[in-house]
Number of protein chains: 2
Amino acid sequence: MNWEVIVAKERVTVIDIARAAGVSKSTVSLVLQGSSLVNEATRAKVNAAIRELGYVYNRSAANLRQSKSKIIGIVVNDLTNSFFAELAVGVDAVVQSAGFVQFLANTSEKIERQREVIASMREHGVSGLIISPARGTEASDLAPLVESGIPVVLVVRDITGAGVSSLTSDNHAGAVAAVRHLIERGHRRIAFLGGFADTAVFKSRVRGHRDALLEAGLGPQNELVIGSAPSRAGGVTAIEQAMMLKERPTAALCFNDAVAFGVCDGLRARRLEPGADFAVIGFDDVIEAKTAVPALTTVSVDPQGMGEHAAELLLKQIKAGRAEPEAIVSSVRLVVRQSCGAAAERRMKEVSS
Amino acid sequence: MNWEVIVAKERVTVIDIARAAGVSKSTVSLVLQGSSLVNEATRAKVNAAIRELGYVYNRSAANLRQSKSKIIGIVVNDLTNSFFAELAVGVDAVVQSAGFVQFLANTSEKIERQREVIASMREHGVSGLIISPARGTEASDLAPLVESGIPVVLVVRDITGAGVSSLTSDNHAGAVAAVRHLIERGHRRIAFLGGFADTAVFKSRVRGHRDALLEAGLGPQNELVIGSAPSRAGGVTAIEQAMMLKERPTAALCFNDAVAFGVCDGLRARRLEPGADFAVIGFDDVIEAKTAVPALTTVSVDPQGMGEHAAELLLKQIKAGRAEPEAIVSSVRLVVRQSCGAAAERRMKEVSS
DNA sequence: CTTAGTAATTGGAACGTTCCAATTCCGTCA
DNA sequence: TGACGGAATTGGAACGTTCCAATTACTAAG
């Protein structure tokens, strides 16, 4: 017993601190929580001991006791898309300054993986979840989650009947504004390029496209709606397809900025200069949109701001306990830059040649 | 008091399952862990009860008992940069399939925030950490972390003296290869554009640039090394600055792909076509590099692969307990696409005009 | 029919915190 | 001097799991 060597770095606990500071573990706990009940002098003593011994708080133990954590989960469908990366950054910012930490998971649009990560997050006791659902997610997929009473905020894509709050952008209005702008500039054949046709976001943007066209008496132009993967590569193929048409478009509203960049690429590959020879409008307003050449005209959705907003909404619900679900659709505005700058007549020539 | 309503859904625990299945809690625990000790029939009974009652595993409790978690943390300095987003995706992929879940935090290059998130992750008991350190991080910032014995893998940026494993790319060799390629194509004045001069990554890439130049007897060309923010916008300003020089470059190696895209933008703004009139080489090989127009010649670092590699390294260390730190520098290769395709003579004309 | 050996199951302690009710301390007032 | 009251502190139970040693059930061998 005389040579009992304590070499293994035992975890230092609140009890060790208590012993070192000459108080009880309860007092230490109080200090840890910043309670006003504890005397200034003891608080100092305790804090000193904490620094001294290199104590690190054990949240697992705390969570267990009070059955609530300081974790929020965020699951996105495609982190590779900078729209979602920025969204995550926005969430992270507000969530961190509220003292929470974020679990981030990427589903790559796979429902199965989404199921797994949501389950895993529940096991970790997240106090709330921000979800940008994978393609094809149904209300029933979310049912067990919402029944458990965990606050959930859906972003970007709403799911009807899920019974949770959602934060989407006004896709219809954005598309209408963009197409109207193109019409004002004299365009008559305006394509809608990119995106998966089975998503709600796609549908409402296409609806906006069609409504603006009809409003101007230009007919629905369904043949100019060309889906593709919502990526840069998808944009290239979409514009190629569009240019094979007998009656080519002179302008395009794109499903998102990634597609729009792809469309610009595809245009250049055909020796057409975006902006000068063909008008391109994107959707989202990712950071690169501003600095690209030509600067991208786009419907600004402000992904980072959206992330912040979603996080605030979630935190509000967490604080309030169970809150009535609300569906917020945040307004959107057309940011006119250079990529839609072409005078329509010039393109007319190009097209008729 | 007579109306005491028990509406709050009590958490269902392993004990409830045990009761429902007519076994002991220990057996349920065994089932949960997939132990081979338990009889097939009981296992089925237990699993049925689990589904029946909608049980969700409480990892906080488990962590508390076995003092190890299935969480790994990843902290990146700029999630907005798609290089890091892809890195995170790579990490996520392998970490998830190993049954772990990832905490992701974004430091936005702020040391203070980095300190906070690392502390927070420790409190949550992460079993390992992958860190792409914020600019200016020093070994002493990491000291308490590494002393605690938590496996750490540094990615992208190494920190000398930190005493942990690191995974960086061979920046020097990559830069040498890129510049040699440009020299072979006949270029004589080759700029290095973008990046913060105080980072190790910048320094080794610039060193590669200079060494290749010296090797070919072209002198150090220090005046052609122009720093900037490592972003698209930074690339625009860097190329602008470069083109103000009396003796303009005819080609540039860029700090990263984002800068390279910005350089292309800046070139176009001056009515110069990247690839045709000026050779541009990037660094990193982000996904957009392939589909951009012109497709970007770049030093391929494969961020996603790097993330996967880092995750594997970390998992290995976690499994092995305390392992000897190893410094891996992964090799890198020049992917020649179109943006460096200009014949040098053509550009010579341009420059002398 | 016993015994040994393996397979399956089990109760209780432990993990590190928080919460509650109880206690101590100390100055003030009658 | 004693009673009072607020401020500060405290011991023990509880949270939901895992681990350990111990027990029971079953099978095959003697």
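Note that this is a predicted model, so its numbers are computed, not measured. In what follows, chains are A, B, ... by sequence order, proteins preceding strands, each numbered from 1.
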Range on DNA chain D touched by chain B, heavy atoms, distance below 4.0 Å: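 Listing 5' to 3', DNA chain D meets chain B from D:dG16 to D:dC19.
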Check whether any side-chain N or O of [X] sits under 3.5 Å from a backbone N or O of [Y] as a donor-acceptor pair, and report yes or no.
X: B:S127; Y: B:I71; result: yes
X: A:S67; Y: A:L64; result: no
X: B:E308; Y: B:G90; result: no

Estimate the overall bend of the helix from C:dC1-D:dG30 to C:dA30-D:dT1 from the end axes over five pairs each, rounded to 10 degrees.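 Result, rounded to 10 degrees: 60°.
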Thinking salt bridges, do B:E326 and B:K316 make one under a 4.0 Å N-O criterion?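 Result for this pair is yes, salt bridge flagged.
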Residues A:E138, A:R157: salt bridge by 4.0 Å N-O rule: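 Salt bridge flag = no for A:R157 with A:E138.
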How about [X] and [Y]: does a side-chain donor come under 3.5 Å of a side-chain acceptor?
X: A:S120; Y: A:E116; result: no
X: A:N63; Y: A:S69; result: no
X: A:E86; Y: B:T80; result: no
X: A:T27; Y: A:S24; result: yes

Nearest nucleotide by nearest heavy atom, which residue falls closer to the 5' end of DNA chain D, A:T27 or B:T13?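 Result of the comparison: A:T27.
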Between protein and nucleic acid, restricted to nucleotides 5-8 of chain C and to nitrogen or oxygen atoms under 3.5 Å apart, what atom pairs and distances do you find?
none

Return whichever of A:S29 or B:S26 has its heavy-atom-nearest nucleotide of DNA chain C closer to the 5' end.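 Mapping each residue to its closest nucleotide by heavy atoms, the 5'-most match is B:S26.
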Upstream residue (5' side of DNA chain C) when B:K25 and B:S67 are each assigned their closest nucleotide: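 First, find each residue's nearest nucleotide; the 5'-ward one identifies B:K25.
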Identify the residue among B:S165, B:P133, B:S132 that makes a side-chain contact (heavy atoms from CB on, under 4.5 Å) with B:L154.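 Of the listed residues B:S165, B:P133, B:S132, the side-chain contact (heavy atoms from CB on, under 4.5 Å) partner of B:L154 is B:P133.
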